[in-house]
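Okay, so here's the structure we're looking at.
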Amino acid sequence: MNQAIESTGDSSSNNIKGHINDHDDEEILALISQLPKTKGWLKFGMSQYQDFWCPPNLVANVIRFQQHFQAQDHDIILASHPKSGTIWLKALLYSIINRHRYTSSNTPLLNSNPHQLIPFFEFTLYSSDTKPPNNSISYDPSPRLFSTHIPYASMADSIKHSSKCKIVYISRNPLDVLVSFWHFASWQPERIEEWTMEEYVEKFCNGETVFGPFWNHVLGYWKESLEKPEKVLFLKYEEMKEDFVVQVKKLADFVGFPFSREEESQGVIEQISNLCSFSNLKDLDVNKHGKLMSNGLENKSYFRKGKVGDWVNHLSPSMAARLNTVMKEKFRGSGLTFERSSC
């Protein structure tokens, strides 16, 4: 266990769990100051809240979301661990649901980054000190589309218990996730000194990653998808790459926008595939220039390669073996495997 965690303890995290509904923002910030901390890839490190690691400036946003968001039955929430194919799935989900409103020539994807079209709870919608009333978060027409990196256990109660909203979760093999995040971190203007890949592998294996540990994040949604398949759809990045038509039909069926036989015969699925392909999205002018207003990051930082198995070009055999050993232990008995992650 990291020394910072040992010296601080986790009682303050549990304290917040039981009191977030009773405190205003000033008191929440005081509670956040007590959370366990560890070194992160950003200058201000990470804080441990409800058993996951998070940049301290996001913890208050997560708490506001937990306190104030009221899910509606027709809401669709895209969840993921960072660098698991989030932006690709956002483009796909948006295109599936809005295919009768837009064509490939006038879709908002041509002028907006997918993160703008399906906003994050923790980065965008609850980033202000002013708590937004629930009725200010609405879209026309229904369904409302949201996204998050927050673990399932820390989702708002209205999502987990009191609504029929649906969650789509995308997973990716941990070796590719690690490499993708390591490259993504190098784009950040507030990063600390350059980390070596060896250092980041060790942090990843210790569970000290943003919204991690990785295994807790993935298993939380995996178990819910087994217990409540009508509510949580668990997708694998690699399977979507291998058999796109089958997987995108599964996605469309799950969210209540199935493709008709006529649409299939007219090649609508293939049109969506071409529009939302990683190479096409990367080459769009909007994704080659500009920044996201929510975090100031360049749009192009979200598009690198999107390839399955690219980890072999960045991880040494010993690093890959270390990661595989940890992952096999953490996922043992769950029924969940990442076939493409073996070295």
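No hydrogens, no waters, no symmetry mates; every other heavy atom, side chains included, goes into these values.
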**OP:** Please test Met155 against Ile77 for side chain to side chain contact (heavy atoms under 4.5 Å, CB included), starting from the C-alpha separation and ending with a verdict.
**Re:** CA-CA 11 Å; Met155 293 284 264; Ile77 299 162; 4.0 Å; yes
Original post:
How far apart are the C-alpha atoms of His217 and Phe211, what are their side-chain angles, what is the distance that settles it, and do they pass the ring-ring contact (aromatic ring centres under 6.0 Å, His included) test?
Top reply: CA-CA 7 Å; His217 200 289; Phe211 296 99; 7.0 Å; no
**OP:** I would like to know whether His115 and Phe120 meet ring-ring contact (aromatic ring centres under 6.0 Å, His included); could you show each step before the answer?
**Re:** CA-CA 7 Å; His115 285 320; Phe120 281 101; 5.2 Å; yes
**OP:** Please test Val62 against Tyr49 for side chain to side chain contact (heavy atoms under 4.5 Å, CB included), starting from the C-alpha separation and ending with a verdict.
**Re:** CA-CA 9 Å; Val62 173; Tyr49 172 66; 3.9 Å; yes
**OP:** Begin from the C-alpha positions of Tyr169 and Tyr152 and carry the test side chain to side chain contact (heavy atoms under 4.5 Å, CB included) through to its verdict.
**Re:** CA-CA 10 Å; Tyr169 185 82; Tyr152 184 83; over 6 Å; no
Subject >> Test log, rule side chain to side chain contact (heavy atoms under 4.5 Å, CB included), inputs Ser47 and Trp53 >> reply: CA-CA 6 Å; Ser47 297; Trp53 291 101; 5.6 Å; no
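Residues satisfying the ring pair (Phe, Tyr, Trp, His ring centres under 6.0 Å) test with Phe204, not counting sequence neighbours, are Phe214. The side-chain contact (heavy atoms from CB on, under 4.5 Å) test applied to Pro55 returns Phe44, Asn57, Leu58, Val210, not counting sequence neighbours. For Glu202, the salt bridge (charged side-chain N to carboxylate O under 4.0 Å, His left out) partners are Arg322, not counting sequence neighbours.
In this structure the side chain of Ile63 reaches within 4.5 angstrom of the side chain of Val59, judged on heavy atoms. Taking 4.5 Å as the limit, every side-chain heavy atom of Cys54 sits out of range of all side-chain heavy atoms of Met46. Residues Tyr200 and Leu178 are in side-chain contact: their nearest non-hydrogen atoms beyond the backbone lie under 4.5 Å apart.
Residue pairs meeting the ring-ring contact (aromatic ring centres under 6.0 Å, His included) criterion with at least one member in residues 245-267, sequence neighbours excluded, do not occur. Each ring-ring contact (aromatic ring centres under 6.0 Å, His included) pair with one or both residues in residues 94-114, not counting sequence neighbours, would appear here, but there are none.
Side chains of Ser277 and Asn274: no donor on one and acceptor on the other come within 3.5 Å. One side chain, Thr38 or Glu208, offers a donor N or O that lies under 3.5 Å from an acceptor on the other. Between the side chains of Ser171 and His81, no donor-acceptor pair is found at a separation under 3.5 Å.
Not one N or O on the side chain of Ser180 forms a donor-acceptor pair closer than 3.5 Å with the backbone of Val177. Remark: side-chain polar atoms of Asp176 are paired, donor with acceptor, to backbone N or O of Asp310 under 3.5 angstrom. Side chain of Lys203 to main chain of Lys39: a donor-acceptor pair is present (N/O by atom type, distance under 3.5 Å, no hydrogens or angles). In this structure, Asp243 contributes its side chain and Glu239 its backbone to no donor-acceptor pair below 3.5 Å. Trp222 contributes a side-chain N or O that, together with a main-chain N or O of Ser334, makes up a donor-acceptor pair within less than 3.5 Å. Counting only distance, with no hydrogens or angles, the side chain of Lys166 and the backbone of Ile76 share no donor-acceptor pair below 3.5 Å. Listed for the Lys330 side chain is no donor-acceptor partner under 3.5 Å among the backbone atoms of Lys328. With Gln50 contributing its side chain and Ala153 its backbone, the two residues share no donor-acceptor pair below 3.5 Å. Under the 3.5 Å distance criterion, the side-chain polar atoms of Ser265 are matched with a main-chain donor or acceptor of Glu262. Checking side-chain atoms of Ser273 against main-chain N and O of Ile269 turns up no donor-acceptor pair under 3.5 Å.
The nearest pair of heavy atoms linking Leu110 to Ser105 is CD1-O, 3.3 Å. The shortest non-hydrogen separation linking Phe52 to Ser154 is CE2-OG, 3.4 Å. Across every non-hydrogen atom of Tyr221 and Pro151, the tightest pair is OH-C, 3.6 Å. The shortest heavy-atom contact between Ile167 and Ala79 is CG2-CB, 4.1 Å. Nearest heavy-atom pair across Arg144 and Gln70 is NH2-O, 3.2 Å. Taking each heavy atom of Ala71 and Ser158 in turn, the nearest pair found is N-OG, 2.9 Å.
Distance check, rounded to the nearest 0.5 Å: OG1 of Thr337 to CE of Met327 gives 14.0 Å. Note that CD of Gln247 is 11.0 Å distant from CG of Leu92, once rounded to the nearest 0.5 Å. Rounding to the nearest 0.5 Å gives a distance of 5.0 Å between CG of Leu275 and OG of Ser104. Atom CZ of Phe181 sits about 7.5 Å away from atom OG1 of Thr209, to the nearest 0.5 Å. Rounded to the nearest 0.5 Å, atoms OG1 (Thr124) and CD1 (Ile118) are 12.0 Å apart. Atom CG of Asn324 sits about 9.0 Å away from atom CG of Asn173, to the nearest 0.5 Å.
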Could you go through residues 226-235 and list every donor-acceptor pair under 3.5 Å that involves a side-chain atom there, pairing it with any protein atom two or more places apart or in another chain?
| from | atom 1 | to | atom 2 | distance (Å) |
| --- | --- | --- | --- | --- |
| Lys231 | NZ | Ile159 | O | 2.8 |
| Lys231 | NZ | Ser163 | O | 3.2 |
| Lys231 | NZ | Cys165 | O | 3.0 |

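A single hydrophobic cluster is seen to contain both Leu315 and Val312, as judged by linkage of ILVMFWY side chains at heavy-atom distances under 4.5 Å, directly or through other members. Residues Leu89 and Val245 fall within the same hydrophobic cluster, defined by Ile, Leu, Val, Met, Phe, Trp and Tyr side chains chained together at heavy-atom separations under 4.5 Å.
A salt bridge does not link Glu224 to Lys160: none of the charged side-chain nitrogens sits closer than 4.0 Å to a carboxylate oxygen. Ionic pairing of Glu263 and Arg99 is present here: one or more N-O contacts between side-chain nitrogen and carboxylate oxygen are shorter than 4.0 angstrom.
For an aromatic pair to be called close, the ring centres must be under 6.0 Å apart, and Tyr237 with Trp88 satisfies this.
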